[in-house]
Amino acid sequence: MKKFSIVTVCRNEEAAIRDTCESIVSQHYQNFEWIVIDGASSDGTLEILSEYRNEIQHLVSEPDNGIYNAMNKGAISAMGEYLIFMNGGDRFADSDALLFAAQSPRAQMLYGDVYLGSQTRNIETYPDVVDSGYMLRNMIPHQATFYERATFEAVGGYDESFKIAADYDLYIRLFEDARVSHYHIPYPIAVFDLEGISNNRKFRQLRKRENHRIRKQYFKTYRYSLK
């Protein structure tokens, strides 16, 4: 039986953390540990998390150096065979998400589909095979990805020099460099928030700069100027 480590990173997520918590504790497949890394929240986040304290195996609340620093911190504490990052505001698609992952063949990376937004049942699907070059123009949300913990550690986890695109960098290192074995779970695993930071207009230029840096490093055929 696969054991999962669910890592939840949050800071001042009072409005959304309960939905995340409920989606985790309602999973029918229960062979998982739950790790919460809180960035010293000053709102009601910790009070809500305290209601789920019996289900949380590891809870830390302290300042961090950004979301990817916190996610790496959670991964270091993990003991499961697979990691999945279900951060504050994220949530599983339904109560069978972990069950479908548990029933999947073993691979270094498992990934499923996502529902686009909380008010729709539109599904974003992903290919069964990720060929070389796929990540140049595509992305798979971390909320729908299960990383084999040993593989995540072997490639060094998230590059904390990135503020918004370290997940994209990690996928490229896994798919393009390491050519990890992977399996597509043909089932919605998570809800992808269309209002999240990756789609926030405020961070658009930062995302462009970081994506440009990543593509320039890994793709020899990449031809694009930020100008």
Side-chain angles (χ1 to χ4, degrees), residues 2 4-7 9 67-69 71-72 74-76 78 80-87 90 92-93 97-98 100-116 123-193 196-199 203 206-224:
K2 297 184 182 73
F4 300 104
S5 294
I6 303 173
V7 177
V9 168
I67 185 171
Y68 297 115
N69 173 251
M71 291 168 80
N72 279 336
I76 290 171
E81 183 183 0
Y82 286 92
L83 293 166
I84 183 168
F85 295 92
M86 197 60 59
N87 295 335
D90 297 336
F92 286 110
L98 276 187
F100 277 89
Q103 294 173 341
S104 300
R106 293 184 181 276
Q108 291 172 294
M109 182 188 294
L110 309 173
Y111 57 94
D113 301 325
V114 294
Y115 287 122
L116 295 175
I123 300 177
E124 181 77 12
T125 62
Y126 300 95
D128 291 339
V129 177
V130 176
D131 296 323
S132 179
Y134 175 83
M135 295 305 300
L136 177 59
R137 300 187 181 281
N138 299 280
M139 183 62 178
I140 299 171
H142 70 257
Q143 301 94 327
T145 301
F146 300 85
Y147 306 95
E148 184 185 50
R149 182 166 59 87
T151 299
F152 182 91
E153 293 173 352
V155 300
Y158 290 107
D159 182 343
E160 296 176 22
S161 69
F162 294 103
K163 300 302 181 185
I164 195 173
D167 47 352
Y168 182 46
D169 170 77
L170 176 62
Y171 278 115
I172 291 177
R173 282 187 281 129
L174 289 168
F175 281 125
E176 302 292 337
D177 278 6
R179 302 305 302 166
V180 296
S181 60
H182 52 278
Y183 178 80
H184 171 229
I185 304 167
Y187 185 85
I189 294 298
V191 177
F192 182 70
D193 185 3
I197 190 171
S198 62
N199 289 312
F203 297 100
L206 175 60
R207 184 173 67 251
K208 283 185 176 181
R209 289 195 300 270
E210 292 194 347
N211 285 350
H212 173 74
R213 170 184 158 195
I214 293 167
R215 290 164 179 159
K216 187 176 180 180
Q217 176 179 353
Y218 292 107
F219 296 100
K220 294 180 180 180
T221 60
Y222 178 60
R223 297 289 183 271
Y224 178 74

When rounded to the nearest 0.5 angstrom, what distance separates OH in Tyr68 from CZ in Phe85? 10.5 Å
Pro141 versus Tyr126: any side-chain heavy-atom pair under 4.5 Å? yes
Residue of the set Leu83, Ile6, Ile189 for which side-chain contact (heavy atoms from CB on, under 4.5 Å) holds with Phe146: Ile189
Sidechain-backbone polar pair: Ser181 side chain, Gln108 backbone, donor-acceptor under 3.5 Å: yes
What salt bridge (charged side-chain N to carboxylate O under 4.0 Å, His left out) pairs are there with at least one residue in residues 149-160, not counting sequence neighbours? Arg149-Glu153
Between Tyr111 and Pro127, the two heavy atoms sitting closest are OH-O, 2.6 Å
Can Tyr222 and His212 be counted as having a side-chain donor-acceptor contact under 3.5 angstrom? yes
Exam field: side chain Tyr171 to backbone Ile140, donor-acceptor pair closer than 3.5 Å: yes
Calculate, to the nearest 0.5 Å, the distance between atoms OH and NE2 belonging to Tyr147 and His182 respectively. 14.0 Å
Spacing of Tyr168 atom OH and Asn138 atom CG [to the nearest 0.5 Å]: 8.0 Å
So which of Asp167, Asp90, Asn87 actually passes side-chain hydrogen bond (donor to acceptor under 3.5 Å, both in side chains) with Gln143? Asp90
Test of understanding: with side-chain hydrogen bond (donor to acceptor under 3.5 Å, both in side chains), list the residues that count as partners of Glu148, not counting sequence neighbours. Thr151
With rounding to the nearest 0.5 Å, note down the distance linking CD1 in Ile172 to CE in Met139. 8.5 Å
Sort and list the pairs that fulfil salt bridge (charged side-chain N to carboxylate O under 4.0 Å, His left out) and have at least one residue in residues 101-111, not counting sequence neighbours. Glu81-Arg106
How close do Gly80 and Ser5 get, counting heavy atoms only, and between which atoms? N-OG, 2.8 Å
Kindly write out the residues that satisfy side-chain hydrogen bond (donor to acceptor under 3.5 Å, both in side chains) with Tyr134, not counting sequence neighbours, or none if the list is empty. none
Sequence-distant partners of Tyr158, side-chain hydrogen bond (donor to acceptor under 3.5 Å, both in side chains), two or more places apart: none
Distance from Arg179 atom CZ to Asp131 atom CG, nearest 0.5 Å? 7.0 Å
My understanding is that only residues two or more places apart in sequence, or in another chain, count here; which of them pass side-chain hydrogen bond (donor to acceptor under 3.5 Å, both in side chains) with His184? Asp113, Asp128
Phe162 six-ring centre to Arg213 NZ/CZ under 6.0 Å and within 45° of normal: yes
Indicate yes or no for a side-chain donor-acceptor contact from Lys163 to the backbone of Glu210 under 3.5 Å, with no hydrogens or angles considered. no
Locate the shortest heavy-atom distance separating Ala101 from Leu110; write the atom from each residue and the value. O-CD1, 3.9 Å
In this structure, CZ of Arg137 is separated from CG of Asn211 (nearest 0.5 Å) by 12.0 Å
Minimal non-hydrogen separation, Tyr218 against Asp177, with atom names: CE2-OD2, 3.4 Å
Taking every non-hydrogen atom, the tightest pair across Val7 and Ala75: CG2-N, 4.4 Å
Parallel, tilted or perpendicular: which describes the rings of Phe4 and Tyr82, with under 30° parallel and over 60° perpendicular? tilted
Evaluate the side-chain proximity of Leu170 to Phe152: yes if any heavy-atom separation is below 4.5 Å, no if none is. yes
Which heavy atom of Gly133 sits nearest a heavy atom of Phe219, and at what distance? CA-CE2, 4.0 Å
